[in-house]
Amino acid sequence: MEFEPVIGLEIHAQLLSKSKIFCGCSTTFGAGPNTHTCPVCLGMPGVLPVLNREVVEYAMRMALATHCRIAPVSRFARKNYFYPDLPKGYQISQYELPLARDGWVWIETENGPRKVRIHRIHLEEDAGKLVHDEHQPFSYVDFNRTGVPLIEIVSEPDLRSPDEAASYLKTLRDILRYLEICDGNMEEGSLRCDANVSLRPSGTTPLGVKTELKNMNSFRNVQRALEFEIRRQRALLERGQSIVQETLLWDANRNVTVSMRGKEEAHDYRYFPDPDLVPVEIDSGWIEEVRAQLPELPDAKRERFMKQYALPEYDAQVLTSQKALARYFEQVIETFPQPKAVSNWIMSELLRELKKEEREIETFPVSPDRLGELLGLIASGVVSGKIAKTVFEQMHTTGKSARQVVDEQGLVQVTDQDAIEALVDEVLSENPREVEQYRGGKEKLMAFFVGQVMRKSRGKANPQAVNEILRKKLARKESP
Ligand code: ADP
Ligand code: ZN
Ligand code: MG
């Protein structure tokens with residue numbers, strides 16, 4: 001029997017508000033342990049939480065960007081459980097009345113674009129962090145993260161493969177970053193993802209029993225954990241055994257999922273409306289205000305790049321995956337209005353440099369107009385494409401402009417016919433045997449001659465001119 005995977009994701013995104021969700025403490029990451037705390041986020045008795053308006057607005061941005069309906073009235077609830085990183089003994093979350101519902105996003109899959117429905121988006125507070133000592137039998141609690149705002153984005157079970165799950169996660173991360181409400185860093189935990197997965201016989205509709213996977217701190221790990229879990233469930237079902245509904249932890253070192261606990265039910269948490277907080281009322285005026293301030297989002301920008309700059313979909317996809325990269329591209333276009341050439345350069349040379357240096361485009365030292373200048377030098381034949389790569393490297397190590405690097409190092413391309421002819425003559429007279437072989441039909445030797453001439457010119461000869469002159473000279477019957 002064939003089985004079809006069914007996957008739904010619950011994504012937690014830490015919001016970039018300056019202060020916490022219910023108190024004035026800073027949300028800045030990396031401060032000394034327990035320095036960003038106060039009686040409210042430490043859960044002291046007798047204090048009252050006050051909702052941060054900026055947080056609500058950030059969540060509204062995400063809700064609108066993912067086509068959700070924002071509830072005119074939503075409510076906070078207490079989710080009760082014990083854990084040492086949760087000083088109040090309950091987490092303030094939203095339960096029966098979430099902030100937003102019923103949205104969708106388009107994702108890329110290997111079978112083309114697909115719509116994935118979003119069940120709900122709600123607000124909640126983060127818990128603290130336990131720090132385990134590797135060598136001592138102690139654990140420490142850091143409450144700086146307690147009360148940092150989160151949105152939880154719950155998808156419908158619309159994903160059908162680990163690849164689709166990764167694509168959906170990436171789509172949401174790109175949107176969160178475009179909206180500037182979350183930095184989307186899975187390794188650092190500002191974006192976290194729990195994956196729910198079940199199998200069902202292909203062609204049937206009822207959902208199978210699911211397991212929930214936690215502890216995947218990269219896109220790669222989300223995919224690998226799902227792949228492992230799908231294999232595990234399939235093996236059980238094929239042997240006629242049933243799946244136990246449970247929560248599993250991904251162990252990235254051993255590449256296996258490990259049972260953590262039996263799945264708790266909602267009623268285990270004794271959810272009830274938080275009596276310390278008034279309902280959140282959002283009127284249409286506020287919604288329209290937030291909508292009007294939304295930036296152009298990845299999908300729209302990609303479509304526009306394809307139309308306006310006649311770029312292939314792949315290029316448009318890569319360039320618009322980050323708002324800052326798209327902006328960089330458009331700024332280069334202003335100095336050098338040949339979109340495909342700019343796109344090629346960014347996608348190969350620039351992204352490679354960024355990756356190599358583990359840098360973000362925001363801090364890349366070559367400004368867009370300087371890259372535009374370099375591309376102009378290639379287009380006008382001043383430097384060859386090959387030399388330009390060296391120039392580009394030097395531009396960002398030395399901070400100099402393309403023109404400066406080219407002038408200082410004498411990298412101007414040799415296009416002068418006489419100069420190239422002289423080099424070609426030298427090469428041909430130094431290699432009489434190869435010349436004879438070429439004329440005898442071994443035409444593959446052309447690459448050898450071109451290489452020799454390029455070497456003599458230290459890479460500066462215009463390759464096209466070299467080719468033409470070589471062809472002309474080698475075609476002659478008399479010796480050069
Ligand atoms: P729970 O109450 O166990 O948390 P929810 O109904 O809240 O379950 O769903 C949590 C997530 O699991 C959602 O993203 C949802 O799409 C997904 N999900 C629900 N049922 C299944 C299933 N049978 N197989 C795969 N995913 C599922
Ligand atoms: Zn506080
Ligand atoms: Mg749930």
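All values reported here derive from a predicted model rather than from experimental measurement. Just follow the structure's listing: the first ligand is 1, and inside any ligand the first atom is 1.
Checking E57 against W286 by side-chain atom types alone, a donor-acceptor pair falls below 3.5 Å. In the model, E246 has no side-chain atom that pairs as donor or acceptor with a side-chain atom of T211 under 3.5 Å.
Using a 4.0 Å cut-off between charged nitrogen and carboxylate oxygen, K323 and E180 count as a salt-bridge pair. D126 and R145 are joined by a salt bridge, as a carboxylate oxygen and a charged side-chain nitrogen come within less than 4.0 angstrom of each other. Look at E125 and K79 and you find no salt bridge, because none of the NZ, NE, NH1 or NH2 atoms lies under 4.0 Å from a carboxylate O.
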Could you check E353 against F364 for side-chain contact (heavy atoms from CB on, under 4.5 Å), going step by step and ending with a plain yes or no?
CA-CA 9 Å; E353 284 305 323; F364 192 66; 4.1 Å; yes
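Listed by atom number, the atoms of ligand 1 under 4.0 Å from L207 heavy atoms are 23 (N). Distances below 4.0 Å separate heavy atoms of V154 from the following atoms of ligand 1: 13 (C), 14 (O). The contact set between ligand 1 and E156, taken as ligand atoms under 4.0 Å from a residue heavy atom, comprises 16 (O).
Of the polar atoms of P157, at least one N or O is found under 3.5 Å from an N or O of ligand 1, judged by distance alone.
The angle that C23 SG and C25 SG make at the Zn ion (ligand 2), rounded to 10°, works out to 110°.
The distance from the Zn ion (ligand 2) to the nearest N/O/S atom of C38 is under 2.8 Å.
If you look at H119 next to ligand 1, there are no close heavy atoms at all, none under 4.0 Å. Within the 4.0 Å heavy-atom criterion, the part of L9 lying near ligand 1 is the backbone and not the side chain.
Considering N196, V197, L159 only, the shortest heavy-atom separation from atom 12 (O) of ligand 1 involves N196. Considering only non-hydrogen atoms, atom 14 (O) of ligand 1 lies nearest to S155 out of P5, S155, S198, G208.
Annotation: cation-pi geometry not satisfied between K389 and F392 (NZ/CZ under 6.0 angstrom from ring centroid, within 45° of ring axis).
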